[in-house]
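Inspection log for the structure reproduced underneath, given as C-alpha cells.
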Amino acid sequence: MLIRKPDDIIPSDITSEAVWRSRRDLILRAGVAAAGLGLPGWAARGAFAQGAAAGTLAGQPNAAFSVMDKQTSFADITSYNNYYEFGVDKGEPASNAGKLRTRPWTVSVEGEVGKPRTFDIDELLKLAPMEERVYRLRCVEGWSMVIPWVGYSLSALLKQVEPTGNAKYVEFVTAVQRENMPGVRAAILDWPYVEGLRIDEAMHPLAMLVFGVYGKVLPNQNGAPLRLAVPWKYGFKSGKSLVKIRLVEKQPVSSWIKAAPQEYGFYANVNPTVPHPRWSQATERRIGEDGLFTPKRKTLMFNGYADQVASLYQGMDLKANY
Ligand SMILES: Nc1nc2c(c(=O)[nH]1)N[C@H]1C(S)=C(S)[C@@H](COP(=O)(O)O)O[C@H]1N2
Ligand SMILES: [Mo]
C-alpha cells in the first residue's frame with residue numbers, strides 16, 4: 001500500500017498474473033508429488049495444507065447481511081491477495097502461504113474483560129452457527145471484490161469474555177511465524193500486523209469472524225484459520241490469521257498508522273469523499289471485470305453499508321476522523 005499507487009498497479013498485474021498462476025500451479029504439483037513420494041518435512045506439510053484447504057465449511061446463507069453484486073470468482077479471491085507477511089506482490093500469498101502452520105491454533109481474548117480466555121480453533125468453529133454472508137471488500141489501493149465468507153459475528157466471541165466498562169477499543173494481533181513468512185523476515189511492517197476497532201464497531205453484527213469462503217475452509221492466503229471481515233472499512237482493517245484479541249481502554253496503534261500516520265487513519269471507513277493523500281478514493285475497479293475498457297465503479301459511502309453503520313459515526317467529522 002505504501003509501495004505503489006493504484007494507477008501503477010494495473011499493467012504490472014496483467015503480466016505478473018500469469019507468473020503467479022504458474023508459480024501456484026508449480027507449488028500444487030510439488031505438493032502432490034511430495035505426498036506421493038512420501039517426502040518428509042516442509043514438502044509433506046505443504047501437501048497437507050493444500051488438502052486441508054480443500055475441506056468444506058458450509059454456512060447458512062444470511063440474505064439480510066448479503067449484497068446482491070456478482071460474486072468474484074474463487075480463483076481471483078484466492079490468487080489476488082494482500083498478506084504482506086508472505087510478500088508484497090498480489091500473487092505471493094498464494095505462492096508462499098502453504099507454509100503457514102494453522103494447527104494447533106489458539107486465540108487468546110484478554111484485557112478489559114471479566115473472563116479472559118484462550119480459545120482453541122476447534123472451539124471457535126463451534127462457538128456459533130456458521131453463516132454465509134456475501135460482503136464487499138474494498139482495498140484502499142482502489143480495487144474491490146465480492147466475497148461469500150463463512151463465519152459469524154465477532155460479537156458472539158466478545159460476549160463470551162464479558163467486556164468491562166473500560167473496554168473502549170479492541171486490538172487485533174495476527175500471527176508471526178518468522179520461519180514460514182518471507183515478508184516478516186523482510187521487515188516490511190512492524191510485525192505482528194496489528195489492527196483495531198472501537199468497541200461499538202467490533203460489536204456491530206456486520207463485523208465478522210471468518211473461517212471459510214465459498215463453502216470451503218479459508219485458504220491460508222486469505223487468512224486461515226480465522227480472520228476478520230469488516231465490510232464498511234478498507235480491507236486493511238480486517239486482520240488475517242488472528243492469534244490475540246485485546247480489549248483495551250486506549251485507541252490501539254495499528255501497524256499501518258505506525259508505518260505511515262499521514263496516510264492511514266484509525267477509522268479507515270470507506271469514503272469516496274476523502275482521498276488518500278496520494279490518490280482519489282472516488283472510484284474502484286472490481287476484480288474480475290477489469291478489462292482495459294471497463295469503466296471503474298463509483299465507490300459508495302461506507303462501501304454501501306451506510307444504512308447499517310452510519311449511526312455509529314453520528315456527529316463525527318469523517319474528514320478529520322478518516
Ligand atoms: N495479517 C495481515 N492481514 C491483512 C493484511 C496483511 O498484509 N496482513 N492485508 C490487509 C489488506 S490491505 C487487505 S485488502 C485484505 C485482503 O484480504 P484478501 O487477500 O483475503 O482479499 O487483508 C488485510 N488483512
Ligand atoms: Mo488493502
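For ligands, and for the atoms within them, numbers begin at 1 and follow the listed sequence. Counting from 1, the numbers follow the sequence of the chain as shown.
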*Any sub-3.5 Å donor-acceptor pair from Gln281's side-chain atoms to Val140's backbone N or O?*
yes
With the threshold set at under 4.0 angstrom, would you say [X] reaches ligand 1 through any of its heavy atoms?
X	result
Lys237	no
Ser241	no
Gly239	yes

For [X], atoms of ligand 1 separated by under 4.0 Å from a heavy atom:
X	answer
Arg227	15 (C), 17 (O), 20 (O), 22 (O)
Glu85	1 (N), 2 (C), 6 (C), 7 (O), 8 (N)
Ser238	4 (C), 22 (O), 23 (C), 24 (N)

Say whether [X], considering both its backbone and side-chain N or O atoms, lies within less than 3.5 Å of an N or O atom on ligand 1.
X	result
Tyr84	yes
Trp143	no
Asn222	yes
Gln221	no

*Val274: hydrophobic cluster co-members (side-chain, 4.5 Å)*: Tyr322
*State yes or no: are the ring centers of Trp256 and Tyr234 separated by less than 6.0 Å?*
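Ring centroids of Trp256 and Tyr234 are no less than 6.0 Å from each other.
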*Could you note down all residue pairs passing ring-ring contact (aromatic ring centres under 6.0 Å, His included) where residues 163-188 supplies at least one of them, sequence neighbours left out?*
Tyr169-Phe266
*Do you know which of Arg285, Glu284, Lys296 makes side-chain hydrogen bond (donor to acceptor under 3.5 Å, both in side chains) with Ser144?*
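Between Ser144 and the candidates, side-chain hydrogen bond (donor to acceptor under 3.5 Å, both in side chains) is satisfied uniquely by Glu284.
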*Scan Leu318, Val270, Asn271 and name whichever one has a side chain to side chain contact (heavy atoms under 4.5 Å, CB included) with Phe302.*
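By the side chain to side chain contact (heavy atoms under 4.5 Å, CB included) criterion, Phe302 pairs with just one of Leu318, Val270, Asn271: Leu318.
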